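Written out below as structure tokens is the structure these notes cover.
Chain naming here is simple, since letters A, B, ... match the order of the sequence lines and numbering starts at 1 in each. All values reported here derive from a predicted model rather than from experimental measurement.
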Protein chains: 2
Amino acid sequence: MISGETVPGKIEAKSLVDAVTERLEAAIIAGELTSGERVREQVLAAEYGISRGPLREAIRRLEGRRLLERIANKGVRVVDLSPRRLDELLKVREALEGMACRLAAERITPDEVAKLRELLTEHGSSSEVQSGEGYYQQSGDFDFHFRIAKASDNEFLISMITGDLYDLLRVYRYKSSTMTGRATRALEEHHAILDALDAGDPDRAEAAMRVHISNARIHAGLAMAKAQQDEDAAD
Amino acid sequence: MISGETVPGKIEAKSLVDAVTERLEAAIIAGELTSGERVREQVLAAEYGISRGPLREAIRRLEGRRLLERIANKGVRVVDLSPRRLDELLKVREALEGMACRLAAERITPDEVAKLRELLTEHGSSSEVQSGEGYYQQSGDFDFHFRIAKASDNEFLISMITGDLYDLLRVYRYKSSTMTGRATRALEEHHAILDALDAGDPDRAEAAMRVHISNARIHAGLAMAKAQQDEDAAD
DNA sequence: CCAGGCCATAGTGTCGACACTGGAATACCA
DNA sequence: TGGTATTCCAGTGTCGACACTATGGCCTGG
């Protein structure tokens, strides 16, 4: 449900539409607007302290980015995220990040490699990783992937991965992590990826990344199936 | 109310925004709005016979799909398509369609394969292909790729390829085809792809598709560089 | 008591008007 | 005359009002 009490983030920056878009995006990612939930324009507009015009434009933008869906004369909903769709998403991610990793291997600097290595070492020593769960680790995982995508130096690819794909994936965050329960394994895979990057071997880099994401996909599929079972059992 | 006057491209379907979005998209693809061209809202709105509200919403949607860019308080432009960006685009395409082809190989039906084979045979006997140029061939190429993408049975992937990527690529159409001058070669590559699909070999199918698109990318790069030279020389 | 249609209402769809911004042409001053 | 300040205009940004559509409750007739 939506907490009606606070208005912690009123809008008054550059373009209202830009600001509102970010805020909406953040709300979706943070789970304030849950998947499949219907959104009422007037309510949101009032909440953000703006009129419906800019809000509708912001909605349209997110519509174009597949975060929101509109049914004519009925309203707007946050995208519906079925297990099947997550599977689809992760296959696309495999393709995209595989390519990003390949390109990164061709042009990444030793400096960047060192930073990534540091990041992984940090993760490895983190107690949270060892216990196999944790919020920080999740964001750390994103960070690792994020940097590699950036290193591809392909603007379009970067914006597709970090702009579109990650937003969608984050919507799943609180539902099912793709890493929980396989943290150490994932860390190993990260190291394998980094080794390939370090060696400047595009083929190996792409392959390593694809294995990593493919494993995450399979794991997520199992996890969601299990969660579904538990839910059914609980009812 | 909207006057009943019939103007070549007036809108009066379901939701104005939907209709206008399609029309705008078509205009961009058809080259009526050229790359980099500035677009004035009032003019367009008048042209389509609607008010600025829905038009702006349509623009926002295409903005989210990267076909249009907006600079605050300045206006809207059709995306700027540099040779570098085409190169980036085609790398993404390689990754995405490679994956689509892999998935297609796993589940394509003999029936579909037969249809694709027919399509290629038709292309091969076309005189246009033999001369190495031609409009039909270009759309035929899209058709081939389109069907394979569909066969992947991954809705998200399909919408990314056919919804986003192809639109963007089409903007380049009249500037530089990725096929002209290598029609027979491309046809061979198409056959190689189809053979792999027919054999149900995902690895080979993906590899074949990637080689095909990679070649197209390299070819397009050379073609654009040459066009640039010619242009410079002409000045 | 139930089925079917009518009406009230909430919410989306569209519009025209007004406010604000950036840029260009012009006027002004040294 | 050249450079700068000023004014004006085209165009974008935002808003509130009105029109239309869908949905749920209510009323009526069987």
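A salt bridge links A:Glu206 with A:Arg210: the distance from a Lys NZ or Arg NE/NH1/NH2 to an Asp or Glu carboxylate oxygen falls below 4.0 Å. Salt-bridge formation is not detected for the pair A:Arg85/A:Asp80: no Lys NZ or Arg NE/NH1/NH2 atom is positioned less than 4.0 Å from an Asp or Glu carboxylate oxygen. Comment: B:Arg60 engages B:Glu63 in a salt bridge, judged by a side-chain N to carboxylate O separation of less than 4.0 angstrom.
Comparing D:dT14, C:dT12, C:dT14 by their closest approach to the side chain of A:Arg38 singles out C:dT12. With C:dT12, D:dT14, D:dG13 as the candidates, the nucleotide lying closest to the side chain of B:Arg52 is D:dG13. The side chain of B:Pro54 lies closest to C:dC15, out of C:dT12, D:dT14, C:dC15.
Rounded to whole angstrom, the span from the CD atom of B:Glu57 across to the P atom of C:dC15 amounts to 11 Å. Rounded to whole Å, atom P of C:dT21 lies 17 Å from atom CD of B:Glu41. Between the C1' atom of D:dT12 and the CZ atom of B:Arg40 lies a distance of 13 Å, rounded to the nearest Å. When rounded to the nearest whole Å, the span between CG of A:Asp18 and P of D:dT12 equals 15 Å. Residue B:Arg60 contributes atom CZ, which lies 18 Å from atom C1' of C:dT14 at whole-angstrom precision.
Near DNA chain C, meaning a heavy atom under 4.0 Å away, the residues from residues 66-77 of chain B are B:Asn73, B:Lys74.
Between A:Arg56 and C:dG13, a side-chain N or O to OP1/OP2 separation shorter than 4.0 Å is present.
Here B:Gln42 lies in heavy-atom contact (under 4.0 Å) with a base. At a threshold of 4.0 angstrom between heavy atoms, the contacts of B:Val39 are confined to the sugar-phosphate backbone, with no base atom among them.
When only modelled atom types and interatomic distance are considered, A:Thr109 and A:Glu112 share no side-chain donor-acceptor pair under 3.5 Å.
Other residues, nucleotides and ligands contribute at most 12 non-hydrogen atoms within 6.0 Å of the CD atom of B:Glu155.
The salt bridge (charged side-chain N to carboxylate O under 4.0 Å, His left out) search around B:Arg66 returns A:Asp164, not counting sequence neighbours.
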